[in-house]
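One structure below.
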2 protein chains.
Amino acid sequence: MVIGKPVRDRRAERHEATKEEILDAAWDIARTEGLAAVSLRDIATRVGMRPPSLYTYFDSKLAIYDAMFAQGAQQFADAEPWDELTGDVRHDLALMFRTFIGFCAEDQARYQLLFQRTIPGFEPSPESFAISQASLGRVVEQLERYGVTDPRSIDLFTALGTGLASQQLSNEPGGDRWIRLIDDATEMYLHHMETTNQRATAKGRAAR
Amino acid sequence: MVIGKPVRDRRAERHEATKEEILDAAWDIARTEGLAAVSLRDIATRVGMRPPSLYTYFDSKLAIYDAMFAQGAQQFADAEPWDELTGDVRHDLALMFRTFIGFCAEDQARYQLLFQRTIPGFEPSPESFAISQASLGRVVEQLERYGVTDPRSIDLFTALGTGLASQQLSNEPGGDRWIRLIDDATEMYLHHMETTNQRATAKGRAAR
DNA sequence: GTCTATATTTGGATAGAC
DNA sequence: GTCTATCCAAATATAGAC
């Protein structure tokens, strides 16, 4: 009788689990001490290792930042609310704003890592960057479905979302002073769509 | 005959001049290597000193960051375009956007230091912070002159400006892709003013 | 896979001579 | 005011034993 190869690689699974644990510790530090304050020493302490042992899992500190970037970008992709779209422009735009701004406001460190260049020497690998680019692409596609095809209007949309998120985070982290402006911002942007060369879809207009 | 006290204190003047030199060096490093990469060692090298000598001028590294913050806030105050206002709402709002966004886009490091919390452990002293708060206050006053008294609308204004600046800096530093949207943003915001409880002043309306 | 030991660099800060 | 000397701590990273 022949013994088959095991289907699961328990060693690899364990390895992956430990990598996750290390990243969790790194996020903890980033959130409490600041993204730039992450150190191998502190990570090691939290996971109960000595610093050199981390090199079994990551090639360098920047590799850890990169893995964090990939995680954050994936979380962003997972947060996209495509299954909650109703076809009503007003509702759907507000939903997109809310999702983006909520995601940003949820975690300042993650926002810094994903959307700003704050760590000297760090930039995401092409693979990690691709994840976040894909998410942005889906936002653009969705806007286009509502007739927003002018690149300038798309840029204005992202600027509005970023502005609300950025102000919320830097002036009142944890609060909702700018989050509460999402409906106003949506209304304002809707009017912009209607008065430039943009057209809301028939369904979108009908729902008003 | 009595010899009067010297009017100028040459020693103090020299001291101030050296402080400026040190801050200039710090800005150079911040702009080329990143704000977080500023170190006493590098500053000292650039000004031709040994690191300990810097303590004659500043009590600590954070004190240097604080002095940089004060400088940046003062530059912001000086950049305010109050003498270029015409009384035309459209013109003046666009001018305010352009001034703010131009100021931000000019220097990423300065933007980071003034408007974001990116250096672990740093926060501006009350004196330095007051400088930037005063500038913001003058912006608010000006908006109020145009009838924008609703705090929510004021917050929406700052969010729009911040969003354009932020997107410009993080996606296309040195470019003008979002800067070119200022007139569109102004138009959009103007309509928001007109449709909420805001009123443009008679003079502002008349000029349209 | 984890450790000890170690290298190396960097960094902020102080003491005290000149 | 500037320097040397020094401290101390933190930080990333490697070598090699277990």
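Note on naming: letters A, B, ... go to the chains in the order of the sequence lines (proteins, then strands), and numbering restarts at 1 for each one.
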Examine distances only and state if a side-chain atom of B:Thr45 and a backbone atom of B:Arg41 form a donor-acceptor pair shorter than 3.5 Å.
yes
Rounded to the nearest 0.5 Å, what's the gap from OG1 on A:Thr56 to CE on A:Met49? Could you check?
7.0 Å
Closest approach of A:Tyr146 to A:Met193 (non-hydrogen atoms, all atoms of both residues):
O-CE, 3.8 Å
Would you classify A:Tyr57 as touching base, sugar-phosphate or nothing, given that sugar-phosphate means primed atoms plus P, OP1 and OP2, and contacts are heavy atoms under 4.0 Å?
sugar-phosphate
Begin with the C-alpha distance, continue with both residues' side-chain angles, and end with the deciding distance and a verdict on side chain to side chain contact (heavy atoms under 4.5 Å, CB included) for B:Gln112 and B:Gln108.
CA-CA 6 Å; B:Gln112 244 181 66; B:Gln108 173 134 35; 4.2 Å; yes
For the residue pair B:Arg110 and B:Phe76, would you count it as a cation-pi contact if the rule is NZ or CZ under 6.0 angstrom from the ring centre and within 45 degrees of the ring axis?
no
Please answer whether the main-chain N or O of B:Leu156 pairs with a side-chain N or O of B:Tyr189 as donor and acceptor at a distance below 3.5 Å.
no
Per-nt protein contacts along nucleotides 8-15 of chain C (heavy atom under 4.0 Å; B base, S backbone sugar-phosphate only, - none) come out as --BBSBB-
Going by heavy atoms in the side chains, are A:Leu143 and A:Leu93 under 4.5 Å from each other?
yes
5'-most to 3'-most nt of DNA chain D touching chain A (<4.0 Å, heavy-atom partner on protein side) reads D:dA10 to D:dT14
Closest heavy-atom pair and its distance - A:Tyr65, A:Ala36:
OH-CA, 3.9 Å
